[in-house]
Amino acid sequence: MQGIGAGISTVLARHGAHVVLTDISDKVAETAGRINEDGGSASSKIIDVTNPDQVTEAFKEISEEHGRVDILVNNAGIYPRKKLVEMDESYMQLMFNINIFGTFRCSKAVLPSMMERKYGKIINMSSVTGPMVGAPVGGQTAYGATKAAVIGFTKALALETAQYGINVNTILPGYIHSPSAFGLRGSEDDGDAEKAMREFGYKIPMGRQGSPQDIGNLVLFLASDESSYLTGSEIVIDGGNILQEEYSGPYRPK
Ligand SMILES: NC(=O)c1ccc[n+]([C@@H]2O[C@H](COP(=O)([O-])OP(=O)(O)OC[C@H]3O[C@@H](n4cnc5c(N)ncnc54)[C@H](O)[C@@H]3O)[C@@H](O)[C@H]2O)c1
């Protein structure tokens with residue numbers, strides 16, 4: 001696991017949670033290893049969220065190993081770009097299968113026990129892209145549709161579970177500095193993706209792209225009892241980017 005998921009896990013572990021990192025990629029074990037080396041408590045499991053049986057089985061094992069799941073963060077998601085006229089149905093279906101059905105499957109796997117215990121925090125990863133904004137170059141109809149769907153899913157589930165003491169909220173990140181976004185922002189032509197990403201950050205009022213830890217800090221709040229009266233909320237975290245009616249950057253720290 002890399003990117004935002006790694007940032008979230010690191011922050012939660014630093015604040016005392018045992019985190020079970022799940023991902024289709026075996027990099028997840030390395031990330032869990034790093035958290036343990038830094039004094040946190042983490043384990044990992046390979047899950048493909050498009051496989052319903054695998055998801056059910058994995059959460060059963062996690063609950064048996066750790067007694068319960070208090071916090072679920074539905075973060076797995078893909079964001080390739082393809083214009084509508086070039087897209088076939090299988091592409092659209094794959095985007096939904098990961099970005100929204102994945103969220104459905106994982107939530108369904110943890111909910112019965114959360115409802116029984118009258119406690120649980122579900123945090124879903126949407127995006128400003130789709131529900132609020134889009135790239136002028138296009139290619140985001142599939143992604144945008146899935147991320148808007150995450151918001152509807154969150155609100156409906158929040159209502160369905162409020163009386164069980166379960167909080168369901170969604171985060172709408174703007175531009176976050178993660179390896180999967182390299183090349184989408186700024187050019188990699190000069191071979192320095194990090195530099196391109198940094199310079200792209202000057203387009204954002206706060207003068208930088210967000211970090212995975214920024215998202216982790218918001219997840220920490222939503223996973224804590226300090227946010228216990230918050231449910232069905234959609235929180236934008238984007239360094240002020242979508243507040244701009246017109247761009248007047250580059251924005252350098254004063
Ligand atoms: N980076 C951004 O700027 C940004 C902005 C808004 C929203 N988001 C959302 O945040 C989330 C994380 O994005 P990221 O930038 O860290 O990307 P990322 O590619 O680093 O992380 C996504 C993770 O999902 C995993 N994954 C993909 N398919 C899977 C599957 N079938 N089963 C299980 N895991 C699977 C990938 O292996 C990867 O580790 C995504 O949902 C993305 O849409 C990202």
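Source: prediction; values computed, not measured. Both ligands and their constituent atoms are indexed starting at 1 by order of listing. If you read the sequence from its start, that first residue is 1, and numbering goes on from there.
- Annotation: Ser127 places no N or O atom under 3.5 Å from an N or O atom of ligand 1; distance criterion only.
- In this structure the side chain of Ile78 reaches within 4.5 angstrom of the side chain of Leu94, judged on heavy atoms.
- Judged by the 6.0 Å and 45° rule, Lys203 forms no cation-pi pair with Tyr247.
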- side chain to side chain contact (heavy atoms under 4.5 Å, CB included) between Gln209 and Ile176: does it pass, once the steps are laid out? CA-CA 5 Å; Gln209 293 192 53; Ile176 307 303; 5.9 Å; no
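- Every atom of ligand 1 with a heavy atom of Ile47 under 4.0 Å away is listed here by number and element: 32 (N), 33 (C).
- Among Ile237, Ile176, Thr146, the residue whose heavy atom lies closest to atom 1 (N) of ligand 1 is Ile176.
- Ion pairing between Asp38 and Arg14 fails under the 4.0 Å rule for side-chain N and carboxylate O.
- For the residue pair Asn99/Thr146, the side-chain donor-acceptor check at 3.5 Å is satisfied.
- Heavy atoms of Asn99 found under 4.0 angstrom from ligand 1: none, in either backbone or side chain.
- By the 3.5 Å distance cut-off applied to N or O atoms, Val49 is counted among the residues near ligand 1.
- Using a non-hydrogen distance threshold of 4.0 Å, Lys147 registers as a contact of ligand 1.
- With hydrogens and angles left out, the side-chain atoms of Asn124 and Thr154 include a donor and acceptor closer than 3.5 Å.
- Checking Ser227 against Asn167 by side-chain atom types alone, no donor-acceptor pair falls below 3.5 Å.
- Between Glu65 and Lys45 there is a salt bridge, since at least one side-chain N of the basic residue sits less than 4.0 Å from a carboxylate O of the acidic one.
- Heavy-atom proximity to Ser180, at under 4.0 Å, picks out these atoms of ligand 1: 17 (O), 18 (P), 19 (O), 20 (O).
- In Ser178, the part holding a heavy atom less than 4.0 Å from any atom of ligand 1 is the side chain.
- Between the choices Asp23, Ile24, Asp238, the shortest heavy-atom distance to atom 38 (C) of ligand 1 belongs to Asp23.
- Within the 4.0 Å heavy-atom shell around ligand 1 one finds Ser126.
- When atom types are taken as modelled, the side chain of Thr231 and the backbone of Val168 share a donor-acceptor pair closer than 3.5 angstrom.
- Between Ile4 and ligand 1, at least one pair of N/O atoms sits closer than 3.5 Å.
- For ligand 1, the atoms sitting less than 4.0 Å from at least one non-hydrogen atom of Asn75 are 10 (O), 11 (C), 12 (C), 40 (C), 41 (O), numbered in the order shown with element in parentheses.
- Set against the non-hydrogen atoms of Asp48, the atoms of ligand 1 under 4.0 Å away are 30 (C), 31 (N), 32 (N).
- Residue contacts with ligand 1 do not include Gly7, since none of its heavy atoms lies under 4.0 Å from the ligand.
- Close approach to Met125 involves these atoms of ligand 1, each under 4.0 Å from a residue heavy atom: 9 (C), 10 (O), 11 (C).
- Cluster membership for Val236 and Leu220, using ILVMFWY side-chain heavy atoms within less than 4.5 angstrom, is not shared.
- In summary, the atoms of ligand 1 found under 4.0 Å from a heavy atom of Gly3, numbered by their order in the structure, are 16 (O), 20 (O).
- For Tyr79, a nitrogen or oxygen atom sits less than 3.5 Å from a nitrogen or oxygen atom of ligand 1, counting backbone and side chain alike.
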